[in-house]
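Hydrogens, waters and symmetry mates play no part in the numbers below; they use all other heavy atoms, side chains included. Letters go in sequence order (proteins before strands), and every chain restarts at 1. Treat the numbers as computed from the prediction; the structure is a model and nothing was measured.
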Amino acid sequence: MRRRYPRRAIVAVAILVLIAFAAFGWKIFYAGPLAFAGGSTVALPDYRAANPTGVPAELAGADVVKRGEYLARAADCVVCHTAPGGKPSAGGLAIPLPIGTLYSTNITPDKETGIGNYSDQDFLNAVQHGIRRDGARLYPAMPFTSYGYVTDADALAIKAYLFSLPPVHADNRADTLVFPFNQRWSMIAWSLLFDASSRFAPNPAESSEWNRGAYLAEALAHCGECHTPRNFAFALDNRRKFTGAVAAGWHAFNITSDKGSGIGGWSDDDLIAYLSNGYAPGHGTAAGPMGEAVDQSFSHMSASDIHALVAYLRSIPAIASANLSATLAPLAPASPKDGGGTADPIGKSVFEGACASCHGWTGVSAITPFATIAGTRAVNDRSATNVAQIVISGTTRSTPHGVVSMPGFGRAYSDNEIAAVANYVTGRFGSEQSKVTPRDVAELRNQTSR
Amino acid sequence: MAKLKINGEDQNLEAPDDMPLLWVLRDVLGMTGTKFGCGIAQCGACTVHIDGNPVRSCLLPVGAVGNRAVTTIEGVGATAAGAKVQRAWLDLEVIQCGYCQSGQIMSASALLATNPNPDDADIDAAMSGNICRCGTYVRIREAIKRAAAEA
Amino acid sequence: MHAPENLPLDRSRRGVLKAGLAGGFLLFFHLPARAVNEPEQPPDNPAGQFAPNAFIRIDRSGKTTLVMPQVEMGQGVYTSIPMILAEELDADFAQVAVVHAPPNEKLYANPFFGVQVTGNSNSVRALWKPLRQAGAAVRAMLVQAAAKQWQVDPASCSASNGKVIHAASARTIGYGDLIDAAGNLPVPQDPPLKDPKDFTLIGRPLKRLDTPAKTDGKAVYGIDAMLPGMKFATLAQSPVFGGKVRHVDDGAARAIPGVRQIIVLDDLVAVVGDHMWAAKQGLDALVVTWDDGKYANLSSRDIWEDLRTASRKEGVVAKSVGDVAKGLSQGDRVEGDYELPFLAHATMEPMNCAVHVTPGACEVWIGTQVLARVQQTVAKVAGLPIDKVTVHNHLLGGGFGRRLEPDMAASAVRIAQQVDGPVKVVWTREEDIRHDIYRPVYRDVISASLSNGKIVGWKYRVTGSAVIARWLPPAFQKGIDIDAIDSAVDIPYDIPNLHVEYVRAEPPAVPTGFWRGVGPNNNVFAIECFMDELARKAKMDPIAFRLGMLGKNPRLKAALELVAEKSDWGKPLPARVGRGVCVQPSFASFIATVVEAEVDERGEVRMRRVTSAVDTGIAVNPDTIVAQLQGGLIFGLTAALYGEITIEKGRVQQSNFNDYRMLRMDEVPRIDVHLIQSGEDPGGIGETGANAGPPALRNAIYAATGVALRRLPIDRAALAVANKA
Ligand code: FES
Ligand code: FES
């Protein structure tokens, strides 16, 4: 906590300054998520090639609820709108921010506590513009800047699907933001600055597959919300598009085409496997929010859509992340006595007691490939954010091979121990040893959504 | 229909591929020497050898075993290291309730098979994944050294 | 079907045994174990045998069978109890077999409790006299029978190794040939017992009899019970204490291959399958809506507040000596309050019970510390007369007090009533930890006054739940829980003015029970931690301070002096390394322990060495005593460092070994136990280490850092140099 105040203050001042400068048309400087592609775009109706929006061909004939379900999954609504152990879509997930905690809302068709009274227009306002039925502004934790690209037809299909779900009576929890951020009106100015507020416009210079991929990635899957760094006003900084950021206490890595720190070195098959199963041999297993995105969203997409996403990702300009090493470490030796690690005995002690039996001393699991950590970006990240975070929180994945999970150790192991084991793991299995401190671990504990 | 080679014998059995080896051994084959303690690779009670390496059978899908050799506590006495370990365990009266000891013996014999003269650090690295609620650790360490000393 | 077998050892077993015991005492002993699906042993059936009492059976071949009233859970009673019987019987120990006693409170009640129970570290203590008498009486009968046959004076005969001997005429006759003659003789009332100096078995470090089968997977625990046609089940009880099932959607579960049946009771759901895996997957796939009930918002915070409030009330006076008000008014006053958390038992073998309900009868396979109580519970739940309930006991994969409760049998029977054919219900570890019967939270408040290096006044108040009141109501008299105040009323120090009170405070909803070390855990911790704070106040060495007040306790004094020497007490140590001591008179054993520990700059604690000196009277099997103390110390130290069950929203937050943590091999230091020879009757040992570890470690940390921790588990953050107040 103590360390947060200065950060809050800075953000607060920054916001107010911004509002003042709004008049000077800051907006023209703001790069949209598709700006990188250059060329000119056309309005959807004028686009001649295959329609990049809607559902894949397989589902074209399906009824609106079915189509809505596909699109809702692609937009990954349920993950954020469901609390751990709570009813699906009934809201209540806590999203801790430096400025306080937001709670996701009930999007079941319950009339009192859900969205049962939303008209089509109410729904479009909320999803595409972040304007609640009562006129209040939503915070950009709800990715309406991305959803702003969703077509009305698709958004309303999603509504039809949501309204087909059983209503759940679940009161929404009050957010706990500090002043001035608890002033929802301030978001009007924010939207003015950062909300594109225009539906997806295809780029005729690119293939129709690319356009489909762009629609999926930018409008529905909102990849940038985690993978693109934010500026000081919490808006996506698309000049550093997809170069990675820390979101909800997890490091969403660089997914630009950079060979070293991005995914430029991954084969198409690797990317397809990772998106559709959350696991690619040699690259490891998706965990945390990406694990959920795969389980809830990508793994349900059609093969054609996964290919489209890959085609689109391939076009993202390569930007190297200075904080990620370009090379991955080789396999660690079989003997605990050889190879890297740390001088600190605590890291090794925690590893040999709680980790080695599953992850092995080489980093290759004798139990399941999902537990192989050798060669993964997480252990080759000098911040060790995801190593520490998964030790704290664990992760559960439902894969085609059944449920695989790692238990969380946060409750029983001290910040010292978690920092020490994270440093030991990056030291032994990574290209560069991390220097995680107990204080970092304490911070990470506070950042995860719960 | 899976086929497993357990303690040198071929076994044919009906089990879904994703079923952990532990339950195949205990509930399908009735080989109850291998114990269930946690189900999350934290206690080591379920340790078996797969081609001589110690593996936690509570999470190992039977489908992943393939034609590799499975050795359990019922068969480990037939291995040189296993027999030594069993003797040392009795000589030094390691065992209390005994529930964790199948796993302890499997981990220890795998260690000795690859490292005939383990020092304390080797023993810590190989044995810290095995929990003993009765607290027999002190004697386990002595017994491993005794077994190693045995020619 | 799965009571212990008495089949002779097969060759290979003999091989292992011979080799295993090479150099040791070679025993061809029939083990309480069997390979799965072997034929079951015939139940204890005296017919055709000489069965003079409940414990001893001798057949014509001379084979002697001893019926074990106590259960084996690692404490070694399957060796020490036969040693006591065989000692006075002069049986040939190599020809002795043991069998679990059947449930029968008339024959096998624990003399300390009047019920058939193994607990309170009293197996050897409670049965020492009765078993010696049983053995001696039978020996006398056999000698008399032989003398009659030979027409000589019984006094001129002796017995050894299963034979009666008439030295004068060099005649011998085996027990087996005497059973008919002896059978007609009256059982002598109090036969002469051996002089301990004549013991041939007792006091020798005999090899454990239950252990060979525990090295090769042949030992059979309750969880290993296998019956023809058996199904496997696992269960989920309401995550919130006292909650009920509201609705279950079992669509997905039914679709799982191997799932046979889904059972919904008011407070739990269970899935029955062809194997545990199917059952477990089925359970995960169930969508259960619970009605959380009135404890939905219960939290540890509230429970602690209630306990602290209760601890400010006057309690029931358990002991009062001298004039405590006067005592406290003299010298310098020192105050302290000490708190212990809820703990789970986490026996290595998770809770389980196999049941076969048939029309008009019920058969149960389990490992329990309370055989007869399980039988009664099952009879009640199944609505059957007691004699229609058969209970087969097994080896226990740890008891620690958890298996002093029959709740798992009750749940298993309720499930089995819905299943046709035998079903084995196995708790997942998560379920085992979240639905334990927990070691209660305790708060002990002490005020004392010191004048010239001695305690002159001592006021002590224990606040906590009364486990005895629930578990053994007749023993709960005048509002005092004799367990909760154990080791506080019999504090070993000479204190002229002493006052001990007990306040009963039951936590809402959370069930509480016995946990290895029981009542003395809280009192030994509070007293011994406080003693160190007093010593510091008196500017005295903690051991010297204690020795000054142990005048009336020579056995404890001797143990303390020995441990001081063996632990190098007083030898200089590096910075942030300290030694801490604990003395305790609990369970009629006199133990002094020193822990040497290091606290790093971050507050992480590492133990370097543990040393104990113990006078537990006559050591029946000395090696077992050392082992029990080593294990008990680790059990207690585990709790001191990591043990705490916390409750949030009415739910236990811990679930498995990832968040309910155990000491591991690489955290455990060298542990030396020094036995003090003594001719006194045997004391208890199984739980003593659990008492000794925590205060000794806490005092070592106090010495190393100057931080006086007053609650467990140890708050490592408070020990970091940065946070030091
Ligand atoms: S049961 Fe497999 S490690 Fe615990
Ligand atoms: S001997 Fe009982 S758990 Fe290890």
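Distance check, rounded to the nearest 0.5 Å: OG1 of A:Thr399 to CG of B:Asp18 gives 9.0 Å. Taking CD from B:Gln42 and SG from A:Cys358, the interatomic distance works out to 9.0 Å, rounded to the nearest 0.5 Å. For the atom pair OG of A:Ser405 and CG of B:Leu59, the computed distance is 7.5 Å after rounding to the nearest 0.5 Å. Taken to the nearest 0.5 Å, the NZ atom of A:Lys337 stands 7.0 Å off from the CG atom of B:Asn115.
Listed for the A:Ser357 side chain is a donor-acceptor partner under 3.5 Å among the backbone atoms of B:Ala41.
Interface check for chain A: of the options B:Ile50, B:Asp122, B:Ile131, the most heavy-atom pairs under 4.5 Å are formed by B:Asp122. When each of B:Ser128, B:Gly63, B:Cys43 is checked for heavy-atom pairs under 4.5 Å with chain A, B:Ser128 comes out on top.
Residue A:Ala356 does not touch chain B at all, counting heavy-atom pairs closer than 4.5 Å. Looking at A:Phe370, there are no atoms closer than 4.5 Å to chain B (heavy atoms on both sides), in backbone or side chain. B:Asn53 does not touch chain A: none of its heavy atoms, backbone or side chain, sits under 4.5 Å away.
Scanning all heavy atoms of the two residues, the minimum distance from A:Pro407 to B:Ile40 falls at CG-CD1, 4.0 Å. Across every non-hydrogen atom of A:Ile367 and B:Leu60, the tightest pair is O-CD1, 3.6 Å.
For B:Asn67, the CG atom counts as loosely surrounded, since its 6.0 Å shell holds 12 or fewer non-hydrogen atoms of other residues, nucleotides or ligands.
Proximity to chain B at a heavy-atom threshold of 4.5 Å picks out nothing from residues 272-293 of chain A.
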